[in-house]
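For reference, the structure is listed below as structure tokens.
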Amino acid sequence: MGKVTTAYLLTCAAIGVAGGIVLAVGWWLSVALFATVPFASVAIAGLWVMPAVIALRLLQRPFAALLVGFISGLVLAPLYTASAILTTLFWSFFPELPFLVTLYRRWNTWLHYAGALVMAISYLLFAAQSFDLWAMAPGVFVGFVALCAASCAAGTFLAIVIADRLRAAGVARLARRSVPAPADATTPAAPAS
């Protein structure tokens, strides 16, 4: 698992605070949309997974998403309620889940999308009563599910792009997990004969 360094904690804090600021706007927009056009409010669901995915993709460290989710919740709590922490932890748990299942041994891109799919399904199950999903016509229900899945996938895609650009710029180099060099890399080359 590696050591928890100051660089790691500060990087998670920076991502969490930035995510909390974006989510503050997203929360307000979501409430406004839910009050007027509930169906459309699910279109911005992908915003909620972005901080967690950025942290996981950039740092490739266990529990980075949950730490970032907790910090984002702390930023939101004074504006909304203390339940903001539970909300951001909920949205951070599912992007972390595929990596937890692999015991943090694999960091493949497809695992981020698997987390987005699990997140979309979980969100629909937990929000079914709020949206009255079971009363929707079958076509509307399928559209709602597709919109939620597309939003989570789009948020994941955008977060991967942001994290990859940050990594290419050298951000959080000290905070990332250290990958041991292959055994062949330390062996000196044999002299040519």
Would you confirm whether Ser83, through its side chain, and Leu86, through its main-chain N or O, come within 3.5 Å as a donor-acceptor pair? no
Look at the side-chain heavy atoms of Ile, Leu, Val, Met, Phe, Trp and Tyr, link any pair under 4.5 Å apart, and say whether Trp110 and Leu56 land in one connected group. yes
Looking at Thr36 and Ala32, would you say the former's side chain and the latter's main chain have a donor-acceptor pair under 3.5 Å? yes
When clusters are formed by joining ILVMFWY residues with side-chain heavy atoms under 4.5 Å apart, either directly or through shared neighbours, do Phe126 and Val42 land in the same one? yes
From CG (Leu66) to CD1 (Ile71), nearest 0.5 Å: 11.0 Å
Give a yes or no on whether the backbone of Leu59 and the side-chain of Arg167 come within a donor-acceptor separation of less than 3.5 Å. no
Do His112 and Phe99 make the cut of ring centroids closer than 6.0 angstrom? yes
Validation row: Ser130, Phe34 side chains within 4.5 angstrom (heavy atoms): yes
Before we go on, tell me: are the rings of Phe63 and Tyr104 under 6.0 Å apart, centre to centre? yes
May I ask you to decide if Gly16's main-chain N or O and Ser72's side chain share a donor-acceptor pair within less than 3.5 Å? yes
Do Ile121 and Trp48 share a hydrophobic cluster, counting only Ile, Leu, Val, Met, Phe, Trp and Tyr and linking them when any side-chain heavy atoms are less than 4.5 Å apart? no
Look up atom CG in Leu23 and atom CH2 in Trp91, then write down how far apart they are to the nearest 0.5 Å. 10.0 Å
Crowded around Phe70 CZ? As in, over 12 foreign heavy atoms under 6.0 Å? no
Spacing of CG belonging to Leu89 relative to CD belonging to Glu96, to within rounding of 0.5 Å: 10.5 Å
Answer yes if the ring centres of Tyr113 and Phe157 are under 6.0 angstrom apart, and no otherwise. no
is_close_aromatic(Tyr123, Phe90), centroid dist under 6.0 Å: no
Leu29 side, atom CG; Leu33 side, atom CG - distance, nearest 0.5 Å: 4.5 Å
Between Ser151 and Ala43, which heavy-atom pair has the shortest distance, and what is it? OG-O, 2.8 Å
Grouping I, L, V, M, F, W and Y whenever their side-chain heavy atoms are under 4.5 Å apart, do Leu111 and Leu58 come out in a common cluster? yes
Between Ser30 and Gly26 (side chain of the first, backbone of the second, donor and acceptor by atom type, cut-off under 3.5 Å), is there such a pair? no
Is it possible for you to say whether Leu117 and Leu133 belong to one hydrophobic cluster, with membership spreading through side-chain heavy-atom contacts below 4.5 Å? no
